[in-house]
Amino acid sequence: MKKCAIALTIAVLAATACSRRVVEESVDTLTATGWNRYRMGEYALAIEAFTAVIDAIPESDPRHLAALYGLATTWNLRMPVGDQDKDEARRLYDRIIELAPASDLAGWCLLGKARMIHLVPVGQEPDYDAVREAYAETYRRFPEAHPGHEAFIYMEAARLVQWTPQATRESAAALKQFIAQHPTSDLLGAAYGLLATCHEILEQPRERLDAMVLSATNRVVDPDSPVQENSWLYWQIATVAEFEVGDFETARHYYRQLLDEYPQDIRRYGAEKALRRMDALEAKLRAELKNDGEA
């Protein structure tokens, strides 16, 4: 009798463990399915998958929060725009922040809410004061995390839309401080890019060129991105170096980089012509200097 009871207990425990394992695997699979459906634009199926995870596990489980974030993102960004539910997305973001205010997901939720304020429908103007404050709050609460850094970049970009000397100088000072405090940030290239814009507004070509070069050298390369390319950036740096600064060494470097990396680019002829133009100008100047020295 005792042996039967023990065997039955073992069987029950084994079945329970098996059932728990099945649930664990199902939750992970459903979460992955939700994101796959989201990326494929199958939003109704994404919502179904994320909701199933939320219903299956308690709020104390980190995967519950991850599913909430997936659901919030889907309602926030699904297409077409008319199918979005910003209020529901905001409610879900707020719930995650309430449940785990110090978590990485809370930072992403704050950023998501700020983006909702910034990205208004076509024909409407964002409330830039509210936009900048929302980004500032995200950065204040998560100064060492990626969503905080991303919020900072958006915040300074929103400040630069004013295109005034005072706002530009304030933004340049803030960007320099960010760069000094976060030298290993994934968004260092973006920070230098905005700093270059500051120097453009302030009509400081040498400083602009230096910031552009640092933006290019600090860009994070994403080999999986089908749209990331640098030909326009190289062309911009080269032309600013040649025509605004007179730094032919830097100009040659980026014209050649454009030719090497993008041999079929539409600007190829312009880059080749620029290299010949600089060679000819330098040869002319050397000849003039030689003639002056012999005179």
Side-chain angles (χ1 to χ4, degrees), residues 9 11-119 130-131 133-155 185-187 222 224:
T9 300
V12 169
L13 290 173
T16 301
C18 181
S19 175
R20 187 181 298 114
R21 185 169 62 253
V22 169
V23 170
E24 298 282 329
E25 292 174 355
S26 298
V27 165
D28 294 339
T29 300
L30 277 171
T31 301
T33 297
W35 284 113
N36 286 334
R37 296 302 187 189
Y38 170 79
R39 283 189 286 269
M40 294 173 66
E42 298 174 345
Y43 302 111
L45 293 175
I47 289 170
E48 184 180 305
F50 289 131
T51 301
V53 174
I54 292 166
D55 292 341
I57 54 179
E59 290 182 334
S60 58
D61 191 316
R63 293 170 302 171
H64 183 103
L65 298 180
L68 282 177
Y69 181 75
L71 187 59
T73 301
T74 305
W75 281 121
N76 183 19
L77 301 176
R78 67 180 297 173
M79 299 298 290
V81 173
D83 289 343
Q84 295 173 356
D85 189 336
K86 299 292 186 180
D87 290 337
E88 177 64 6
R90 192 175 292 106
R91 184 190 71 80
L92 292 165
Y93 285 143
D94 285 338
R95 183 57 179 160
I96 294 169
I97 295 169
E98 179 185 351
L99 290 170
S103 67
D104 288 343
L105 278 180
W108 287 110
C109 290
L110 285 170
L111 179 61
K113 290 175 63 181
R115 295 295 285 162
M116 291 168 70
I117 299 171
H118 195 179
L119 302 177
V131 167
E133 177 52 37
Y135 287 137
E137 180 187 1
T138 307
Y139 182 54
R140 281 195 300 267
R141 291 180 58 174
F142 295 90
E144 302 300 329
H146 187 95
H149 289 191
E150 195 168 326
F152 174 84
I153 295 299
Y154 285 132
M155 177 178 68
S185 173
D186 290 343
L187 295 174
D222 181 3
D224 296 325

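Please read these numbers as outputs of a predicted model, since none were measured by experiment. Atoms considered below: every heavy atom in the structure, side chains included; atoms not considered: hydrogens, waters and symmetry mates.
- Atom CD1 in Ile54 sits 9.5 Å away from atom CG in Leu65 (nearest 0.5 Å).
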Report the C-alpha distance between Leu68 and Leu105 in whole Å, list the side-chain angles of each, state the deciding distance to 0.1 Å, and finish with yes or no for side chain to side chain contact (heavy atoms under 4.5 Å, CB included). CA-CA 10 Å; Leu68 282 177; Leu105 278 180; over 6 Å; no
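- We find the CG-OG1 distance between Leu71 and Thr51 to be 4.5 Å, quoted to the nearest 0.5 Å.
- Applying the salt bridge (charged side-chain N to carboxylate O under 4.0 Å, His left out) test to pairs two or more places apart or on separate chains, those with a residue in residues 42-51 are Arg37-Glu42.
- Here OG of Ser103 is found 8.5 Å from CD1 of Ile97. Values are rounded to the nearest 0.5 Å.
- Of the inter-residue distances, the one linking Asp83 atom CG with Thr74 atom OG1 reads 12.5 Å to the nearest 0.5 angstrom.
- Between atom CZ of residue Arg63 and atom CG of residue Asp28 there is a gap of 5.0 Å, rounded to the nearest 0.5 Å.
- Contact detail for Ala106 and Pro101: the closest heavy-atom pair is CB-O, 3.6 Å.
- Residues that satisfy the side chain to side chain contact (heavy atoms under 4.5 Å, CB included) test with Asn36, not counting sequence neighbours, are Arg39.
- The list of salt bridge (charged side-chain N to carboxylate O under 4.0 Å, His left out) pairs with a residue in residues 69-82, not counting sequence neighbours, is empty.
- Taking each heavy atom of Gly34 and Ala46 in turn, the nearest pair found is O-CB, 3.4 Å.
- For residues 47-84, the set of pairs meeting the ring pair (Phe, Tyr, Trp, His ring centres under 6.0 Å) definition, not counting sequence neighbours, comprises Trp35-Phe50.
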Going through the checks in order, is the side chain to side chain contact (heavy atoms under 4.5 Å, CB included) test met by Leu77 and Tyr38? CA-CA 9 Å; Leu77 301 176; Tyr38 170 79; 3.5 Å; yes
Could you list the donor-acceptor pairs under 3.5 angstrom formed between side-chain atoms of residues 107-117 and any protein atom two or more places apart in sequence or on another chain?
unit_1	atom_1	unit_2	atom_2	d
Lys113	NZ	Asp94	OD1	2.6
Arg115	NH1	Tyr135	OH	2.9

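- Residues satisfying the side chain to side chain contact (heavy atoms under 4.5 Å, CB included) test with Ser185, not counting sequence neighbours, are His149, Phe178, His182, Leu187.
- Not counting sequence neighbours, Arg141 has no partner by the side-chain hydrogen bond (donor to acceptor under 3.5 Å, both in side chains) test.
- Annotation: ring pair (Phe, Tyr, Trp, His ring centres under 6.0 Å) contacts involving residues 83-105, sequence neighbours excluded, are absent.
- Remark: Glu137 pairs with no residue by the side-chain hydrogen bond (donor to acceptor under 3.5 Å, both in side chains) rule, at least two apart or across chains.
- Among residues two or more places apart in sequence or in another chain, the side chain to side chain contact (heavy atoms under 4.5 Å, CB included) test is passed with Asp87 by Asp85, Arg90.
- Not counting sequence neighbours, the partners of Glu98 by the side chain to side chain contact (heavy atoms under 4.5 Å, CB included) test are Arg95.
- Taking every heavy atom of both residues into account, Leu30 and Ala49 meet most closely at O-CB, 3.5 Å.
- Two residues are said to be in side-chain contact when any heavy atoms from C-beta on lie closer than 4.5 Å; Gln84 and Met79 meet this criterion.
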